[in-house]
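Atoms considered below: every heavy atom in the structure, side chains included; atoms not considered: hydrogens, waters and symmetry mates. Below, chains carry the letters A, B, ... as their sequence lines are ordered, and counting in each starts from 1.
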Amino acid sequence: MKLEDVLQKHFNYSSFRIGQKEIISSILDGKHTIAMLPTGTGKSLCYQLPGYLLKGKIVIVSPLLSLMQDQVEQMMMNGEKRVIALNSFLSHEEKYQALHQLSKYKFIFLSPEMLRSDQVMNKLKEIGIDLFVIDEAHCISQWGYDFRPDYNKLGEIRERLGSPLTLALTATATPEVKDDIITSLKIGEWEEFIYSVDRPNISLIVESIRTYKEKTERLVELITSLEGPGIIYFSSKKLSEQMVSLFKERGFSKVAAYHGGLEQETRILIQQQFIQGQLDVICATSAFGMGINKDNIRYVIHFHMPLQLESYLQEIGRAGRDGKQSLALLLYSPGDEQLPNQLVEGELPSDAQLDWLYKWLMEHREALNNLSLFESEIKRVSGFTDNQWRMVEAFLQCNNGAHIEKTIDQLKKFINERMLIKLNKIQEMYRWTQLTECRRKKILNYFNEEKTIEMKNCCDCCGVDYSEFYSFITKEPSIKIESSFHWKNHLAEILLSERKNEE
DNA sequence: CGAGGCGGCACTACTGCCGCCTCGGTGCTGTAGT
């Protein structure tokens, strides 16, 4: 049977989209495959279709519960009943049932953390896996080192599962990220399919704004005049909510905040409302975006810069999937790069904390065999945050048996390296905001690509024909600003008082 | 860097202001306790 026939039969499409056929053929030839496809080009088909041609099971490692649930739902809607998400949404009883009858499922979605369980691992070994898929595989590089250490154990997991055929899928494709994926998964030989990350219909603009206050004012101006829907990214949960309140005060009501501090239910609701068009603007942190399938997002604004260009590209890539002219706008004020620096510094443990840990471990050698027992005491005295401790704990477990002094030294070295890499990435992001030459060229070079096509409205450095560019911006604010009178007075007051201060 | 909370002080009786300090983003899981 030809691949096209399988496509028609199971998915009701008559032809493949870019890259899909090559990737699927590579897998069916039994080659480990790394596929870097731009967002929204149908990555999930790359493992779903082989599922109908391979005899055994397909295991898909996914980073987010909501993403898994979405995929499962979609596949069920498509008529595929042999699909399950093995995660904490299942009750104890349901999980027991699912594991007990795991062999009746064809597609099994789970998180990397779920693979820590011996029960799950034993069952997977027993039923046999034909294809091991890592969806959003850049998470290995982005989260595996510190935030979610289980991502960096996938290589070991893979080996314990008998090194099954493996497919890594992502949209973020620096050579560095690719290397991390290959090394971490312990794949010897592989085929790779890498497609351009360029999105010619998204104009890249950085606006330099003198002060923080003016940035807020500019944002209000933008949101009331730009054609939505749009996403605004912040690096603070509180600020994202405050901005929503401000927008609502100004009479702009189809807006909501989205961040990791909200209830799971609320998050799903807001996501749905945005996708269905009941909300026009989302004020979000980096928590928002993975798995958002909405093709008419007209703009992505960054109030704060992300911690790295990879994240920036992912976030702006959510605009203009319908191919229409869209806008990526970053608002920069002097000193903005300090916030990412602060975030990164708080992320990793300090040398002083590790020195304390060394002394403590020398006095409590037996603790190494059961660290979780001492977790609360260690955290209380050392001040490790949950995330810091998880990283340290994972490192100690990996090196259990080695000399304590040596282990701590290695850990310090590891942390210093990570810190340097992260600070470097912030610098790269910062330098990009300060460019005077083509922003697109620079970003493509960063992803090991050349800029090959010239386009209208490329970026602010190339020169944007604003009159044409702003043609999709409505001349009059599309929303009636109810309190505009007060707003203007208020603004005048602020400006006057500032001027007085300056004098 | 900027926001927000807190203590101290002023100088007037209840708040107002200054300076200092801290904090800021991403998610999974199992289990204890309400």
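If you take CZ of A:F89 and P of B:dC28, they are 7 Å apart, rounded to a whole angstrom. One atom, CG of A:L67, and another, P of B:dG27, lie 12 Å apart when rounded to the nearest Å. Atom NZ of A:K422 is separated from atom C1' of B:dG25 by 11 Å (rounded to the nearest Å). In this structure, CZ of A:F303 is placed 11 Å from C1' of B:dA3, rounded to the nearest angstrom. Residue A:Q69 contributes atom CD, which lies 15 Å from atom P of B:dG27 at whole-angstrom precision. Straight-line distance from the CG atom of A:L339 to the C1' atom of B:dT26: 14 Å, rounded to whole Å. One interatomic measurement links the two molecules: CD of A:E315 to P of B:dG25, which rounds to 14 Å at whole-angstrom precision. Counting to the nearest Å, the P atom of B:dC1 and the OH atom of A:Y332 are 11 Å from each other.
Comparing the P positions of B:dG5 and B:dG25 gives an interatomic distance of 15 Å, to the nearest angstrom. Distance noted for atom P between B:dC18 and B:dC11: 13 Å (whole Å). Between the P atoms of B:dA13 and B:dC17, the separation comes to 15 Å (whole Å). Spacing between B:dT22 and B:dC14 at atom P, rounded to whole Å, works out to 34 Å. When the P atom is compared between B:dT34 and B:dG27, the two are found 28 Å apart, to the nearest whole Å. As rounded to the nearest Å, B:dG16 and B:dT12 have P atoms that lie 14 Å from one another.
Ring pair A:Y312/A:H302 is tilted by interplanar angle, where 30° to 60° counts as tilted. In this pair, A:Y145 and A:F414 present their aromatic rings tilted. The plane angle is within the 30 to 60° band. In this structure, A:H304 and A:F234 have perpendicular ring planes: the angle between them is above 60°, well past the 30° mark.
Using N1 to N3 plus N6-O4 or O6-N4 for Watson-Crick, or N1-O2 and O6-N3 for G-U wobble, each under 3.5 Å, B:dG25 pairs with nothing. Nucleotide B:dT15 has B:dA10 as its partner under the Watson-Crick or G-U criteria, with both atom distances under 3.5 Å. Pairing of B:dG33, defined by two Watson-Crick or G-U wobble distances under 3.5 Å, is not identified with any nucleotide. Base pairing analysis places B:dG5 opposite B:dC20; the two distances defining the Watson-Crick or G-U wobble pair are each below 3.5 Å.
One distance of note links OG1 of A:T33 with CG of A:L131; it measures 8.5 Å at 0.5 Å rounding.
At B:dC23, none of the side-chain N or O atoms of A:K238 fall inside 4.0 Å of OP1 or OP2 (strictly under the cut-off). Applying the 4.0 Å criterion to OP1 and OP2 of B:dT26, one finds that A:K237 has a side-chain N or O inside that range. Remark: A:S236 is not in phosphate contact with B:dC23, judged by side-chain N or O atoms under 4.0 Å from OP1 or OP2. Contact annotation: A:S235 does not reach the phosphate of B:dG24 (side-chain N/O to OP1 or OP2, under 4.0 Å). Residue A:Q342 places none of its side-chain N or O atoms closer than 4.0 Å to OP1 or OP2 of B:dG2. Applying the 4.0 Å criterion to OP1 and OP2 of B:dT26, one finds that A:S286 has every side-chain N and O outside that range. Using a 4.0 Å cut-off, some side-chain N or O of A:R267 falls inside it from OP1 or OP2 of B:dG27.
By the 5.5 angstrom centroid cut-off and the 30-degree plane limit, A:Y212 is classified as not stacked against the base of B:dC1.
Geometrically, A:K215 engages A:F303 in a cation-pi contact, judged by NZ or CZ lying under 6.0 Å from the ring centre and within 45° of the ring axis.
Note: A:F374 and A:W360 meet the aromatic proximity criterion, with ring centroids under 6.0 Å apart.
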| task | Give the intermediate values and the outcome of ring pair (Phe, Tyr, Trp, His ring centres under 6.0 Å) for residues A:H92 and A:Y96. | result | CA-CA 6 Å; A:H92 192 72; A:Y96 176 83; 7.7 Å; no

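At the heavy-atom level, A:H259 lies under 4.0 Å from the strands shown only through sugar-phosphate atoms. Residue A:N87 is in sugar-phosphate contact alone, with no base atom involved, counting any heavy-atom pair closer than 4.0 Å across all strands shown. Looking at heavy-atom distances under 4.0 Å, A:L239 makes no contact with the nucleic acid at all. As judged by a 4.0 angstrom heavy-atom cut-off over every strand, A:P63 is placed among residues touching the sugar-phosphate backbone only. Nucleic acid contact class of A:K215 (heavy atoms, under 4.0 Å, all strands): none.
Each of A:S117 and A:G261 lies near DNA chain B, and the nucleotide nearest A:G261 is the one positioned closer to the 5' end.
Using a 4.0 Å cut-off between charged nitrogen and carboxylate oxygen, A:E347 and A:K422 count as a salt-bridge pair.
The A:K95 side chain lies nearest to B:dG30 when the options are B:dG30, B:dG27, B:dG25. Nearest nucleotide to the side chain of A:E347, out of B:dG27, B:dT26, B:dT29: B:dT26.
In the interface, the side chain of A:Q338 is not paired with the base of B:dG2 through any donor and acceptor atom under 3.5 Å apart. A donor-acceptor contact under 3.5 angstrom links the side-chain atoms of A:R390 to the base of B:dG27.
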